[in-house]
Amino acid sequence: MQRGGLAHFIVFLGVSCAAPVPLKFFCVASVLHRKAMGTLAASLVVLACATASCSAVTAAEPVSEAGTDTPPDSRIAADSTSPLDASAPADATLDTMQSDAPHDGPVDEVARENGVMDVPANDATAADAFSEASDAGDATSVDASALDPIFTEAIPGSLNRSPDGTWWGYHQSKVVRNGSLVFMYVVENDNDAKTPSIMRIYKKDGTGAWTSGVGFACSRPGNLLLDSSGVLHAFVFEPTTLETNDSIGKLKHYWFPSASTGDITTNLQETIVDNQGTLETVNIRVGAAIGTNDTMAVAFGLYTVASGHTEQLYSKAKSDTSWTKSIAGTNQGHDFFYPFVLVTSSGFNLLPIQDDLVQATNSNLYQMIRHYEQKAGTWSYEDIVDLRTHPQASTKDRLLEQSDLFEDSSGTLHYVYKEILKPNNLYDVSAFKHGTRTKGSSTWTVQSIDLTSVTINWIRLVEVGGRLYFVGTSWFRVYLLKEDGTALTDITPANMNMGPYPYLSTPRGGTKSAETQLDVLLLDSEQLDYPNARNLYMRIPKSRFGAL
């Protein structure tokens, strides 16, 4: 059985039983899941849980099909104040980093399952450790002693996976760096739909501990951007009618004028898109980016009565006092959500995916990817891939996902998307496609990336010294890859989670290209891992890429 097939077969068994499933079943299922995927260490850990009556998960009742869970007894908190208190004291140092357990493969971004979390204490590790699992394929084994060390540690995470777990929103910017300072956020949530979640800002200075700051009410994860002056910007979807619909709300912009000194408490705010609580005026799936000239942009797909399915962008130059609304397309015929956003010297670029709800199956169609571009104030768009007539389109909803949108130092645009076209397989990636368009050209060159030797679910572009590379993640591996995929190195840490969504500190979010370290968040999306999902932070010296 395929890795993805086994994992989701186990998930299906766990959530479809009429009677509550014994906790021991989840431990055994996890053992099977991890062992089938080649991680002996993870198997032994979870087996120990099974023989000890699963003491690690007894803080929560099993998730029922209706999603009713026992309220958590404890949550991830930056301090002694409730983590859902947005006014909690800032700058609380995490003396013991609170981690989250292993993680599985692709998941539905709008899935509504919930979990509760009883978070174990610190198991942060300075990782130059490389485990060797059976799915490592032909990846190069790195002599860690000959290279600059990679640092890895566990970081806080959400108590519940959906709908607002920190991992959600694969197109968003969630980690940025300014010299020795790194910023990220954690969504603090519970399983009560009427309780606002809190998007809590965190910082790390050099090798110091992560420290928490102020938090903002939200119903979905948001975006972090960093401008050239070191000001940190947070974009947050704040619900206005949480009790009835957590998708109706306003888009807020918060910024930290003194973030360059480490101050993540003092902030200013403004409303970009307001809402009175009756109709959707901004979509929850907001993407964001900043340009080298400090122009910021946020974008989302939105259905309106007047214009049908639209793609919208709000931008603000450094000298502007207000945000400018721009419509990238009207009457699109489909929902196009999860836009990757790019600010270039000539305008703006968006890369969303079709996301049409299929009422009969309560699933979503991901079968075409559209690229929007604004030049000199004029928008145009093109479908870079359309598989709606593919033989599998009538029997399989999810055939595609976009994986990155990038501009390199020469002005060449890049997009990456993945195809999910293996017969009788709903999850495993069959191929990655990499499109490039040189500056001034209107023609894309598309190549397949040869990754047949390993299983990889996500790849993100990185530029180092004028050359392009990828960071890739599989079910529970992390790789560094050359742009063409011909050389890859396994850098999986010993305490790896499963199926992580990778988020990188890149220029699209405002991290300067001159930074010598690459920051990576590996965020857990596997339902069975909650409430103890393991989220990791990696700091990778960019010199590592030169060794490929």
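The first residue in the sequence is number 1, and the count goes up from there.
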- Compare all side-chain heavy atoms of Leu313 with those of Tyr372 and state whether any distance is below 4.5 angstrom. no

- Has the side chain of Asn275 got a donor or acceptor atom that lies under 3.5 Å from a matching backbone atom of Gly277? yes

- Taking all atoms of both residues into account, what is the closest heavy-atom pair of Asn364 and Asp355, and its distance? ND2-OD1, 2.9 Å

- Interatomic spacing from CD in Glu311 to OG in Ser326 - rounded to 0.5 Å: 11.0 Å

- Report yes if some heavy atom in the side chain of Leu413 is under 4.5 Å from a heavy atom in the side chain of Thr344; otherwise report no. yes

- Query: Donor-acceptor pair, Gln172 side chain versus Pro221 backbone, under 3.5 Å?
  - Reply: yes

- Message: When you compare the side chains of Thr278 and Gln276, does any donor N or O come within less than 3.5 Å of an acceptor on the partner?
- Response: no

- Would you find a donor on one side and an acceptor on the other, under 3.5 Å apart, between the side chain of Asp356 and the backbone of His334? no

- Message: Assess the residue pair Tyr202 and Phe183 against the criterion (ring-ring contact (aromatic ring centres under 6.0 Å, His included)); give the C-alpha distance rounded to whole Å, side-chain angles, the decisive distance to 0.1 Å, and a yes or no.
- Response: CA-CA 6 Å; Tyr202 281 79; Phe183 303 97; over 10 Å; no

- Task: Give a yes-or-no answer on whether the side chains of Asp404 and His414 include a donor-acceptor pair shorter than 3.5 Å.
- Result: no

- Residue pair Phe470 / Arg460, side-chain heavy-atom distance below 4.5 Å: no

- Query: Roughly how far, to the nearest 0.5 Å, is the NE2 atom of His371 from the OH atom of Tyr415?
  - Reply: 9.5 Å

- Contact summary for Val176 and Leu232, nearest pair of heavy atoms: CG2-CD1, 3.8 Å

- Message: Less than 4.0 angstrom from a charged side-chain N to a carboxylate O is my criterion; do Asp519 and Arg177 meet it?
- Response: yes

- Message: Side chains of Ser363 and Asp397: any donor to acceptor distance under 3.5 Å?
- Response: yes

- Applying side-chain contact (heavy atoms from CB on, under 4.5 Å), run through Val478 and Met496 and close with a yes or a no. CA-CA 9 Å; Val478 184; Met496 180 63 177; 3.3 Å; yes

- Message: Is the terminal nitrogen or CZ of Lys203 (NZ for Lys, CZ for Arg) located under 6.0 angstrom from the six-membered ring centre of Trp210 and within 45° of that ring's axis?
- Response: no

- Task: Measure the spacing between CD1 of Ile353 and CG of Leu399 and express it to the nearest 0.5 Å.
- Result: 9.0 Å

- Message: With side chain to side chain donor-acceptor pair (under 3.5 Å) as the criterion, how do Glu270 and Trp255 come out once you've worked through the C-alpha distance, each side chain's angles and the decisive distance to 0.1 Å?
- Response: CA-CA 9 Å; Glu270 63 182 347; Trp255 65 100; over 6 Å; no

- Message: Show the nearest heavy-atom pair for residues Asp190 and Asp192, with the distance to one decimal.
- Response: OD1-N, 3.0 Å

- Query: Does the side chain of Tyr338 come within less than 4.5 Å of Pro352's, by heavy atoms?
  - Reply: no

- Task: Please determine, by modelled atom types, if Thr166 and Ser158 share a side-chain donor-acceptor pair under 3.5 angstrom.
- Result: yes

- Quick one: pull up CG in Leu302 and CZ in Phe337 and give me the separation to the nearest 0.5 Å. 7.5 Å

- Start with the C-alpha gap between Asp205 and Ser180, add the side-chain angles, then the distance that decides, and say whether side chain to side chain donor-acceptor pair (under 3.5 Å) holds. CA-CA 5 Å; Asp205 192 351; Ser180 65; 2.8 Å; yes

- Let me see the working for Trp167 and Tyr501 under ring-ring contact (aromatic ring centres under 6.0 Å, His included), right down to the final yes or no. CA-CA 7 Å; Trp167 64 271; Tyr501 275 42; 5.3 Å; yes

- Query: Any luck finding a side-chain donor-acceptor pair between Trp458 and Glu401 under 3.5 Å?
  - Reply: no

- Query: Is a side-chain donor or acceptor of Lys204 paired with a backbone partner of Gly208 at a separation under 3.5 angstrom?
  - Reply: yes

- Determine the interplanar angle of the His171 and Trp168 rings, folded into 0 to 90°, and report it as parallel if under 30°, tilted if 30 to 60°, perpendicular if over 60°. perpendicular

- Does Ser403 use its side chain to pair, donor to acceptor, with the backbone of Lys418 at less than 3.5 Å? no

- Query: Is a donor on one side and an acceptor on the other found under 3.5 Å between the side chain of Thr473 and the backbone of Pro500?
  - Reply: yes

- Query: Does Arg508 make a cation-pi contact with Phe340 (under 6.0 Å, within 45 degrees of the axis)?
  - Reply: no

- Query: Do Lys512 side-chain atoms and Gly179 backbone N/O form a donor-acceptor pair below 3.5 Å?
  - Reply: no

- Query: Cationic tip of Arg398 within the cone over Tyr366's six-membered ring, i.e. under 6.0 Å and within 45° of the normal?
  - Reply: yes

- Task: Could you walk me through whether Leu521 and Met184 pass the side-chain contact (heavy atoms from CB on, under 4.5 Å) test, one step at a time?
- Result: CA-CA 9 Å; Leu521 303 182; Met184 67 168 186; 3.9 Å; yes

- Query: Do Thr295 and Asn293 have a side chain donor and acceptor closer than 3.5 Å?
  - Reply: yes

- Give the minimum heavy-atom separation between Gly291 and Val343, together with the two atoms involved. N-CB, 3.6 Å

- Are side-chain heavy atoms of Met368 and Leu387 found at a separation under 4.5 Å? no

- Would you please say whether a donor-acceptor pair under 3.5 Å links the side chains of Asn362 and Gln359? no

- Any chance the side chains of Asn331 and His309 put a donor and an acceptor closer than 3.5 Å? no

- When you measure from the centre of the six-membered ring of Phe237, is the NZ or CZ of Arg220 under 6.0 Å away and within 45° of the axis? no

- Query: Any side-chain donor paired with an acceptor under 3.5 Å for Asp524 and Asn535?
  - Reply: no

- Cation-pi check, Arg161 to Tyr530: give yes when NZ or CZ is under 6.0 Å from the six-membered ring centre and within 45° of the ring axis, no otherwise. no

- Query: Applying the side chain to side chain contact (heavy atoms under 4.5 Å, CB included) test to Lys250, which of Thr281, Thr240, Val273, Val236 qualifies?
  - Reply: Thr240

- Do Phe216 and Tyr254 make the cut of ring centroids closer than 6.0 angstrom? yes

- Message: Working note: Asp227 + Lys318, criterion side-chain contact (heavy atoms from CB on, under 4.5 Å); need CA distance, chi angles, decisive distance, verdict.
- Response: CA-CA 9 Å; Asp227 69 28; Lys318 190 171 186 178; 5.7 Å; no

- Kindly give the heavy-atom pair with the smallest separation between Asn189 and Leu159, and that separation in Å. OD1-N, 3.0 Å

- Query: Got Phe336 and Gln354 here, is their nearest side-chain heavy-atom distance under 4.5 Å?
  - Reply: yes

- Message: Quick check: do Met296 and Leu225 have side-chain heavy atoms less than 4.5 Å from each other?
- Response: yes

- Query: Between Glu373 and Tyr381, does a side-chain contact (heavy atoms from CB on, under 4.5 Å) hold up when you go through it step by step?
  - Reply: CA-CA 6 Å; Glu373 183 169 30; Tyr381 62 85; over 6 Å; no

- Message: When you measure from the centre of the six-membered ring of Tyr417, is the NZ or CZ of Lys433 closer than 6.0 Å and no more than 45° off the axis?
- Response: no

- Query: Are any of the side-chain heavy atoms of Asp386 and Gln367 separated by less than 4.5 Å?
  - Reply: no

- Message: Checking the side chain of Thr261 only, and the main-chain atoms of Ser258 only, is there a donor and an acceptor separated by less than 3.5 Å?
- Response: yes

- Checking Ser229 side chain against Val231 main chain: does a donor-acceptor pair fall under 3.5 Å? no

- Heavy atoms of Ala234 and Met199 approach each other most closely as CB-CE, 4.3 Å

- Query: Is there a donor-acceptor pair closer than 3.5 Å between any side-chain N or O of Asn223 and the backbone N or O of Ser173?
  - Reply: yes

- Message: Can you confirm whether the side chains of Asp274 and Thr271 place a donor and an acceptor under 3.5 Å from each other?
- Response: no

